[in-house]
2 protein chains.
Amino acid sequence: MTSRDTYHHGDLRRAVLAAALDVIRTEGPAALSLRDLARRAGVSHAAPAHHFRDRTGLLTAIATEGHDLLTAALSDATDLRDAGVRYVRFAVAHPAHFQVMFQPDLLRADDPELEAAKARSYERLRAEVAGLPGDRAADPEVTGTAAWSVAHGFATLLLTHNLDRSLGGRAPEDAFRAVADAVFGNGGGE
Amino acid sequence: MTSRDTYHHGDLRRAVLAAALDVIRTEGPAALSLRDLARRAGVSHAAPAHHFRDRTGLLTAIATEGHDLLTAALSDATDLRDAGVRYVRFAVAHPAHFQVMFQPDLLRADDPELEAAKARSYERLRAEVAGLPGDRAADPEVTGTAAWSVAHGFATLLLTHNLDRSLGGRAPEDAFRAVADAVFGNGGGE
DNA sequence: GAGGCAATCTTGTCGATGTCTAGATGGGGC
DNA sequence: GCCCCATCTAGACATCGACAAGATTGCCTC
């Protein structure tokens, strides 16, 4: 119902992406249907395919956008703990992106744009670890994997409703801060 | 091709489950097709539905089985770090179960058997945290969430091929041990 | 401002899938 | 020996992803 007075939609790509994110957030990626997205945008059933090639292409585009959003979200981090908080915040703010990003079987793994975006976000994470004080940077590989694991595990368990009881009404960010302190010590990343 | 000489398959439920796990492990849950599983078992296309009701039912059964396998895997843990190692080992040994267990949108959330199996594995995790020495058990809720986050994050990143470079040929278990030590200190869980 | 090109969208179609229904088969308990 | 019910078959229907061919239109060029 956006603008059907013209033959061309105007910005079908953006409209389909937005609708897709909405479906994925509320019903999961499995419920995603190209024909349904077309109906929501008020275009014919084959229109979305022109912008995303196929279902996998749409999901790959979402994953790519997700990696870029994550890179941006991490760019202003003050230290590693803050980066973790921002990682969790990203997952909460963009649950659909997050879900799709870490489900490789839904994506075209060899897509050049996805690979590039992935490399950028990965590099961003490495940069955070590299900025650590000496004693913590002893084995950056292990420290990086540990930090990523904590943040990613927390975010995943959060989105899959496995922490609902543990949170007890607290904001996810605050709960994660407590977890991060327990893990790296209170002054860990400073 | 198992035994089509009789009208009854013999153990279709088990055959379908095994085939499903195989498909999920190699191609992901999205590639799962009831009709394909029926073909593999040499039965008609509607036969699997009698055992699992529908696609969601099949995945719910797999998730339930997964939680029971996880509970069993954790039952012999010596301490919290060992529980983490066993958690990762479980994810590597049963990747299909693990994937499905933590994708709620694929499951019938209110299934009684699933709920019960989930409660059992969750209780198992709580028990591990409760067995900690005094100083670590200060805030069991936070400690439990932290431990679960580390193990779950590591396992998830591992299965999604995000640690392939970091591993550098090492066994996942060993890499996780290093991560656990970095996180909780070398004698953390002892 | 007229013509043409390319991007965008439509329409029609095909094979495959999930699910429902009705009916066939046969093993096990009475 | 008979009957009941779990198990499996066969058929049908709506929906979906994907493909092909054609219609529409914005825009660029002259």
Side-chain angles (χ1 to χ4, degrees), chain A residues 1-20 22-24 26-63 100 103 105-109 111 113, chain B residues 1-20 22-24 26-63 100 103 105-109 111 113:
Chain A
M1 301 281 176
T2 46
S3 67
R4 66 189 182 290
D5 51 342
T6 62
Y7 189 90
H8 284 50
H9 177 279
D11 201 348
L12 181 58
R13 183 184 165 91
R14 184 184 303 270
V16 168
L17 271 177
D22 202 53
V23 172
I24 295 171
T26 56
E27 307 174 55
L32 200 69
S33 149
L34 288 181
R35 290 175 109 104
D36 178 48
L37 298 178
R39 277 190 293 269
R40 294 183 186 224
V43 296
S44 88
H45 66 260
H50 188 271
H51 292 275
F52 301 102
R53 181 182 174 87
D54 53 22
R55 221 184 87 106
T56 303
L58 170 58
L59 290 165
T60 302
I62 290 176
V100 172
Q103 238 164 300
D105 55 292
L106 300 179
L107 310 176
R108 209 180 315 276
D111 182 273
E113 300 188 29
Chain B
M1 303 279 176
T2 46
S3 67
R4 68 188 180 290
D5 50 343
T6 63
Y7 189 90
H8 284 51
H9 178 277
D11 202 347
L12 181 58
R13 183 185 165 91
R14 184 184 304 271
V16 168
L17 272 176
D22 202 54
V23 171
I24 295 172
T26 56
E27 306 173 56
L32 199 69
S33 150
L34 287 182
R35 290 176 109 103
D36 178 48
L37 299 178
R39 276 191 293 270
R40 295 184 185 222
V43 296
S44 89
H45 65 264
H50 188 271
H51 291 274
F52 301 101
R53 180 182 173 88
D54 53 21
R55 222 185 87 106
T56 304
L58 169 58
L59 291 165
T60 302
I62 291 176
V100 172
Q103 241 165 298
D105 55 292
L106 299 179
L107 310 176
R108 207 178 318 274
D111 182 272
E113 300 190 29

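Lettering of chains follows the sequences in order, A, B, ..., and the numbering in each one begins at 1.
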Student: Between the side chains of A:Arg108 and A:Asp54, is the shortest nitrogen-to-carboxylate-oxygen separation below 4.0 Å, so that they form an ion pair?
Tutor: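 Salt bridge: yes.
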
Student: How long is the line joining CZ of B:Arg40 and C1' of C:dT17, in whole Å?
Tutor: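 So the two atoms are 15 Å apart, to the nearest Å.
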
Student: For A:Leu32 and D:dA18, what is the distance between atoms CG and C1' respectively, to the nearest whole Å?
Tutor: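 Computing the A:Leu32:CG to D:dA18:C1' distance gives 15 Å.
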
Student: Rounded to the nearest Å, what distance is computed from the CZ atom of residue A:Arg39 to the P atom of nucleotide C:dT10?
Tutor: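 For the pair A:Arg39 CZ and C:dT10 P, the rounded distance is 14 Å.
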
Student: Of A:Val43 and A:Arg35, whose closest DNA chain C nucleotide lies nearer the 5' terminus?
Tutor: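 In this pair, the answer is A:Val43.
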
Student: May I have the distance from A:Leu12 (atom CG) to D:dG26 (atom C1'), rounded to whole angstrom?
Tutor: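 After rounding, the reported distance stands at 16 Å.
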
Student: Is the phosphate of D:dA18 approached by A:His45 (side-chain N or O, under 4.0 Å from OP1 or OP2)?
Tutor: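 Indeed not, no polar side-chain atom of A:His45 lies that close.
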
Student: May I ask you to say whether A:Arg14 pairs ionically with A:Asp11, meaning some side-chain N is under 4.0 Å from a carboxylate O?
Tutor: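 Salt bridge present between A:Arg14 and A:Asp11.
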
Student: Nearest-Å distance, NE2 (B:His50) to P (C:dA22)?
Tutor: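 B:His50 atom NE2 is separated from C:dA22 atom P by 15 Å.
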
Student: How long is the line joining CG of B:Leu58 and C1' of C:dG18, in whole Å?
Tutor: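 The answer, rounded to whole Å, is 13 Å.
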
Student: Is any side-chain nitrogen or oxygen of A:Ser33 closer than 4.0 Å to OP1 or OP2 of D:dC16?
Tutor: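 So the side-chain polar atoms of A:Ser33 do come within 4.0 Å of the phosphate oxygens OP1 or OP2 of D:dC16, strictly under.
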
Student: A:Thr60 versus A:Leu106: any side-chain heavy-atom pair under 4.5 Å?
Tutor: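 A:Thr60 does not reach A:Leu106 side chain to side chain.
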
Student: Please work out if A:Leu37 contacts a base, only the sugar-phosphate, or nothing of the nucleic acid, heavy-atom cut-off 4.0 Å.
Tutor: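 Answer is nothing: A:Leu37 stays at 4.0 Å or more from every strand.
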
Student: For a 4.5 angstrom cut-off between non-hydrogen side-chain atoms, does A:Gln103 reach A:Asp105?
Tutor: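 A:Gln103 reaches A:Asp105 side chain to side chain.
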
Student: When you get a sec, tell me which of D:dG17, C:dT10, C:dT8 is the closest nucleotide to the side chain of A:His51?
Tutor: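 Among the listed nucleotides, the one closest to the side chain of A:His51 is C:dT8.
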
Student: Could you check how far CG of B:Leu59 sits from P of C:dG18, rounded to whole Å?
Tutor: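 It works out to 11 Å between those atoms.
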
Student: Using a heavy-atom cut-off of under 4.0 Å over every strand shown, decide if A:Ala49 touches base, sugar-phosphate, or nothing.
Tutor: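 Nothing, no heavy atom under 4.0 Å.
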
Student: Identify whether any heavy atom of B:Arg55 sits under 4.0 Å from a base atom; if not, whether one sits that close to sugar-phosphate; answer base, sugar-phosphate or nothing.
Tutor: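 Sugar-phosphate, backbone atoms only, no base.
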
Student: I need the minimum non-hydrogen distance between B:Leu34 and B:Arg55, along with the two atoms involved.
Tutor: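 Heavy atoms only, the tightest pair is CD1-N, 3.7 Å.
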
Student: Between C:dT10, D:dT9, D:dG17, which nucleotide gets closest to the side-chain atoms of A:Ala46?
Tutor: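 Side chain of A:Ala46 sits closest to C:dT10.
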
Student: Can you tell me the distance, in whole Å, between the CZ atom of B:Phe52 and the C1' atom of C:dT19?
Tutor: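 In whole Å, C:dT19 C1' and B:Phe52 CZ are 16 Å from each other.
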
